Amino acid sequence: MLEGISATTWFPQQEPAECPVCRGARAALSEQGLAAAGNLAIEILAHRQPAALLEAAISALARAVPDGRVSVLVPEAAGRWRVFASSAAHVTLDVVVESDRYPELMEVRRTGAPYVATGIDAAPELRGARSLLDTAGVKGLAAFPVFAATPSAEPVVLKVSFYAVVRPDQLALVTLAAHHLVHRLSAMPATEVAGQLGMALPPPGGMDPASLLNLLPLPALVVDAADKVINANARARWLLGGREAAPGDEPLVLGLAPRSAVEDASHWEAQVAARKGDIHVLAWSSRLPADRRLVLIEPHPEARRSSHERTIRRTLAEKLRELEQANTLLAEYARRRDRFVSDAAHELKTPLAILRSYLETLAEDLGDGLSDQQKEFLQAAAVGARRLQRLIDGLLDLAALETGRSPLVLGPVSSRDVVAGVIGGLRPIALAARVGLAAPPAAELALRADLQRLDQVLRNLVENGLKYTPPGGEVTVAVERRGDRALICVRDTGVGIPPAILPHIFDEFVRAPGSNPTEGAGLGLAIVRRLAMAMGGRVWVESTPGAGSRFFVELPLWTGEG
Ligand code: ADP
């Protein structure tokens, strides 16, 4: 009836009603035994407190087995039990027994399952205790684990010493009683049972060693004196080959012999057979060698470093890939946006030209026949169309520069000529605006530039200067040499640029608040920057609101090469 019962099958997986152990025991009962079993079950069910429950079970069982002695032993420390309660009056309670004097306890402890010797003569395990048993008149023995605070802890043992050879129906009855206790006690909170029976309490939260091991951030194992693994956390199981220690499996033996024999070593280096071949580990063990040791495995620093490096390299590679993808996307969006803008500008160019010419024809042909208000409308339409045309020209210019469709012709350009040309061309506007326009005398420099485009850059800057400088002010264009480059400065004494938009002033469509909407679209400076860059130069600005601005264009000097 108890053959093949191991620790895992003895401690219940099923509800009592479906329990195969109970069923097997019940089937072996005599009629008288059945009645006794019924009484026992009632006694056991009647108690909610573990201590009272065990005492009631002992006395009920003692009544059912008159020629036996029933006792319950509670684990104290490794290999030591305290007699918690006994049916024999002469047994002193609270006495500590060492398991090596009680082979049946040693067996229960070793296997975690019941130990039964129906006759002591036939049990080789009891040979060493023979004279003791004889003196006590014991003829048969049965010891059952009935509760363990944690799977790896020593169990509470229900023990029956028989003064006659054990009969099968007697054995069935005590087995049934013991298993009733197993069911009942394992349904109670482990901490409560352990606390009431005076056992060392498991850690708060009912953690058993297995879950504690799992909390450790490194591979951890509990091994016995022969390095046999008793318990291991998931990390250690994975490290050592992904083996779950299934019951019946060959026990895993670590072979943690220290490389150098250090007496009482608490940490050492070792070679351990792992999933991917041998690994070199540093292992620590708890000081107390006794018969169980906690071993924490840490990969050798070398292995750890290379694994860190691998992680960093992998993360870096991932980030780089993400960055590349983001860049490709951005470039694609920028390309699409530029294409859309230039396509749209192209599409608008022709109808706008037609619109402008109609407006001009209308103004000319009907000029005299129109009322003042009609003339005003026509005028506003013509201004709007001109502004639109400038915007579209600007957009197309920018798009052509961005895509390289409008290549520049770089050659030597005389600084004096280009400045004189711009100033001469804009003088009428300066006069009309009553703003002074001048270029202080400067040395002649040969710039490496595209004459037309440089003219466009400077004209744009001077025009802006004139536009944003009140009458009485002044705009100057100065040129000087800075090493192998030329610095052109267009300075005005105008309104200046608010600091908030100064850093963005060369971006498309950026205009200072309050700028005259009919004057421009905010594309001029964007084109200026593009052109300067295309000529190998750069632009920047300094400005003080209310005092004026200084736009700088830096260009390479002509060195004789294009
Ligand atoms: P636009 O003049 O057609 O609006 P720009 O790109 O040439 O476009 O100039 C952008 C904005 O920069 C202008 O709207 C104006 O607010 C400011 N700005 C440019 N030049 C000057 C200047 N010399 N003084 C003050 N503000 C300026």
Side-chain angles (χ1 to χ4, degrees), residues 338 341-342 345 348 352 382-402 419 422-423 425-427 429-440 452-479 487-535 537-554:
D338 290 349
V341 170
S342 88
L348 287 174
L352 190 65
V383 167
R386 249 199 320 280
R387 187 171 166 241
L388 214 53
Q389 176 125 40
R390 266 207 310 278
L391 171 67
I392 284 169
D393 289 346
L395 281 174
L396 285 172
D397 205 6
L398 254 185
L401 283 169
E402 301 270 358
V419 171
V422 170
I423 287 187
L426 294 175
R427 197 169 304 278
I429 298 178
L431 281 173
R434 284 188 280 127
V435 174
L437 178 59
Q452 267 187 0
R453 294 307 211 167
L454 181 54
D455 180 85
Q456 183 183 349
V457 166
L458 296 183
R459 199 158 21 88
N460 211 315
L461 294 178
V462 174
E463 261 176 358
N464 276 351
L466 296 172
K467 221 163 29 176
Y468 299 108
T469 302
E474 160 180 68
V475 176
T476 54
V477 184
V479 183
L487 189 64
I488 308 172
C489 173
V490 178
R491 188 180 65 87
D492 66 58
T493 56
V495 296
I497 299 166
I501 65 157
L502 199 61
H504 311 287
I505 204 72
F506 291 100
D507 294 346
E508 292 99 331
F509 304 114
V510 172
R511 308 191 74 213
S515 301
N516 184 346
T518 60
E519 300 264 336
L523 283 178
L525 290 180
I527 295 174
V528 162
R529 180 174 58 177
R530 266 270 136 216
L531 286 173
M533 278 164 56
M535 291 186 283
R538 58 190 188 112
V539 289
W540 68 97
V541 63
E542 291 166 4
S543 186
T544 312
S549 313
R550 295 197 299 164
F551 282 85
F552 297 93
V553 182
E554 190 193 66

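Computed from a predicted structure; not experimentally measured. Ligands are counted one by one from 1 in listed order, and the atoms in each one are counted from 1 as well.
- Note on ring orientation: taking the six-membered ring where Trp is involved, the planes of Phe506 and Phe551 are perpendicular (angle over 60°, cut-offs 30° and 60°).
- Between the side chain of Ser549 and the backbone N or O of Ser543, no donor-acceptor pair lies under 3.5 Å.
- The distance criterion of under 3.5 Å between nitrogen or oxygen atoms is met by Ala512 with respect to ligand 1.
- By the 3.5 Å distance cut-off applied to N or O atoms, Gly524 is counted among the residues near ligand 1.
- Salt bridge annotation for Arg529-Asp507: present, with a cationic side-chain nitrogen under 4.0 angstrom from a carboxylate oxygen.
- For Gln452, the CD atom is loosely surrounded, since the number of other residues' heavy atoms within 6.0 Å does not exceed 12.
- The parts of Leu525 lying near ligand 1 are both backbone and side chain, judged by heavy-atom distances below 4.0 Å.
- The backbone N or O of Glu474 sits less than 3.5 Å from a side-chain atom of Thr493, completing a donor-acceptor pair.
- Within the structure, the closest approach of Gly494 to ligand 1 does not fall below 4.0 Å when heavy atoms are considered.
- Short contacts between ligand 1 and Ser549, defined as distances under 4.0 Å to a heavy atom of the residue, involve ligand atoms 24 (N).
- Between Asp393 and Arg386, no side-chain nitrogen of the basic residue sits less than 4.0 Å from a carboxylate oxygen of the acidic one, so the salt-bridge criterion is not met.
- No donor-acceptor pair under 3.5 Å is formed between the side chain of Asp492 and the backbone N or O of Gly548.
- Assignment of Arg390 to the shell around ligand 1 is not supported, since no heavy atom sits closer than 4.0 Å.
- Within the structure, the closest approach of Phe506 to ligand 1 does not fall below 4.0 Å when heavy atoms are considered.
- Of all atoms in ligand 1, listed by their number and element, those nearer than 4.0 Å to a heavy atom of Val510 are 10 (C), 11 (C).
- Counting heavy atoms closer than 4.0 Å to ligand 1, residue Asp492 contributes side-chain atoms (C-beta onward) but none from N, CA, C or O.
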